[in-house]
Amino acid sequence: MAVKSILEELKIDYVSVNLGQIDLNQPLSKGDLNQLEIQLKNFGFEILEPGNSSLVSKIKTTLIEQIHYSTEYLNVNFSAFLSDKLNHEYSYLSRLFSSVEGITIEKYITKLRIEKVKELLYYNELSLTQIAYQLGYSSVAYLSTQFKKETGMTPTEFKKLRGPGHKHLDSL
């Protein structure tokens, strides 16, 4: 709504405004673009250059590869890991990701990790302690807290869903 009101105030014709994207009827003049940038910054928004969505894709891909497919334990925090892998300051990556995706990188990481926990619980090959260690959680209690916050149930309750007479885990 804030972006729409800015566009209307500046008398800029637009087709639609969605999270992280404005579709315009025609390209903006340099003056209109500068005015729009100033107004958006007043509301904490910024105009992203073409190619930034590919950087967001790289952030996602890098995190998915690390969390879901890497067998090596990550011995640095995710902010340092992403900065190093993508050659950008973490603060820039974080602002960009949030503005495009509507959630923080940290929240996205949590969601990915919980999905991995669910997968590992489903296959029932590792203990919760082993899962916590593998995914870099500081403790089983912290993993359990995040799991419950994300799924609404404890890891133990989730595991019990595999039993007979319960709905199948794939529907979660």
Side-chain angles (χ1 to χ4, degrees), residues 1-10 12 14-24 26-120 131-152 155:
M1 287 177 16
V3 174
K4 284 182 180 179
S5 70
I6 292 169
L7 292 170
E8 289 165 6
E9 180 182 317
L10 296 174
I12 295 174
Y14 63 92
V15 177
S16 64
V17 176
N18 297 306
L19 188 62
Q21 185 174 342
I22 301 171
D23 291 321
L24 301 172
Q26 58 193 25
L28 295 178
S29 69
K30 278 263 193 228
D32 285 344
L33 183 60
N34 287 338
Q35 285 289 23
L36 180 58
E37 272 189 295
I38 291 166
Q39 292 294 328
L40 288 172
K41 280 187 182 176
N42 289 338
F43 282 90
F45 299 116
E46 61 185 303
I47 294 178
L48 303 176
E49 299 302 317
N52 281 341
S53 63
S54 74
L55 185 53
V56 169
S57 273
K58 286 179 186 173
I59 292 169
K60 288 177 157 184
T61 301
T62 302
L63 291 170
I64 289 167
E65 286 173 358
Q66 178 58 42
I67 292 168
H68 283 275
Y69 303 109
S70 178
T71 55
E72 302 209 5
Y73 178 74
L74 185 63
N75 56 4
V76 296
N77 61 30
F78 279 105
S79 57
F81 171 73
L82 284 172
S83 293
D84 183 52
K85 281 280 198 191
L86 302 175
N87 298 316
H88 286 284
E89 291 286 326
Y90 181 74
S91 59
Y92 171 73
L93 295 173
S94 179
R95 276 194 319 276
L96 173 66
F97 190 89
S98 294
S99 66
V100 172
E101 293 297 314
I103 63 169
T104 64
I105 290 176
E106 292 80 8
K107 185 73 173 161
Y108 184 72
I109 290 168
T110 298
K111 288 180 177 298
L112 288 177
R113 288 167 90 190
I114 295 302
E115 285 304 310
K116 184 66 176 178
V117 171
K118 286 163 68 174
E119 176 187 325
L120 293 170
I131 292 171
Y133 176 78
Q134 181 177 325
L135 292 175
Y137 281 97
S138 56
S139 69
V140 172
Y142 182 57
L143 180 156
S144 296
T145 300
Q146 277 201 326
F147 192 92
K148 179 145 181 135
K149 203 182 291 183
E150 282 294 312
T151 66

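Side-chain atoms are counted along with the backbone in the values below, which use heavy atoms only and exclude waters and symmetry mates.
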Next on the checklist: With a 4.5 Å cut-off on side-chain heavy atoms, are Tyr108 and Ile64 touching?
Outcome noted: yes
Next on the checklist: Walk me through whether Glu150 and Lys107 qualify under salt bridge (Lys or Arg N to Asp or Glu O under 4.0 Å).
Outcome noted: CA-CA 10 Å; Glu150 282 294 312; Lys107 185 73 173 161; 2.7 Å; yes
Checklist entry - Under 4.5 Å between any side-chain heavy atoms of Tyr90 and Ile105, yes or no? => result yes
Checklist entry - Would Ile131 and Phe147 count as a side-chain contact (heavy atoms from CB on, under 4.5 Å) if you check the C-alpha gap in whole Å, the side-chain angles of each, and the deciding distance to 0.1 Å? => result CA-CA 12 Å; Ile131 292 171; Phe147 192 92; over 6 Å; no
Next on the checklist: Measuring from atom CG of Leu63 to atom NZ of Lys111, what distance do you get when rounded to the nearest 0.5 angstrom?
Outcome noted: 14.0 Å
Next on the checklist: Once rounded to the nearest 0.5 Å, what's the spacing between atom CD1 of Ile109 and atom CG of Leu135?
Outcome noted: 12.0 Å
Checklist entry - Roughly how far apart are Lys149 NZ and Thr110 OG1, rounded to 0.5 Å? => result 8.5 Å
Checklist entry - Closest approach of Ile12 and Asp32, non-hydrogen atoms and distance? => result CD1-O, 4.4 Å
Item to check | Heavy-atom check, side chain of Leu120 versus side chain of Gln134, under 4.5 Å | outcome: yes
Item to check | Beyond-backbone contact of Leu7 with Leu36, side-chain heavy atoms, under 4.5 angstrom | outcome: yes
Item to check | Arg113 side chain vs Gly136 backbone, donor-acceptor pair below 3.5 Å | outcome: yes
Checklist entry - About how many Å separate OG of Ser16 and CG of Leu24, when rounded to the nearest 0.5 Å? => result 9.0 Å
Checklist entry - When rounded to the nearest 0.5 angstrom, what is the spacing between CD in Gln66 and NZ in Lys116? => result 11.0 Å
Next on the checklist: Using a 6.0 Å cut-off, check whether atom CD of Glu8 has over 12 heavy atoms from anything other than its own residue.
Outcome noted: yes
Checklist outcome for this item: Scanning both residues in full, the closest heavy-atom pair of His68 with Leu112 reads NE2-O, 3.4 Å
Item to check | Donor-acceptor contact present, side-chain Ser98 to main-chain Arg95, <3.5 Å | outcome: no
Checklist entry - More than 12 foreign heavy atoms under 6.0 Å from NZ of Lys85: is that the case here? => result no
Item to check | Beyond-backbone contact of Lys60 with Glu101, side-chain heavy atoms, under 4.5 angstrom | outcome: yes
Item to check | Parallel, tilted or perpendicular: ring planes of Phe81 versus Phe78, cut at 30 and 60 degrees | outcome: perpendicular
Next on the checklist: As an exercise, state the distance from CD1 of Ile6 to CD1 of Ile22, rounded to the nearest 0.5 Å.
Outcome noted: 8.0 Å
Checklist entry - Can you check whether Leu96's main-chain N or O pairs, donor with acceptor, with Ser99's side chain at less than 3.5 Å? => result yes
Item to check | Shortest non-hydrogen separation from Ser144 to Pro155 and the atoms involved | outcome: OG-CG, 3.8 Å
Checklist entry - Does the side chain of Leu82 come within less than 4.5 Å of Phe97's, by heavy atoms? => result no
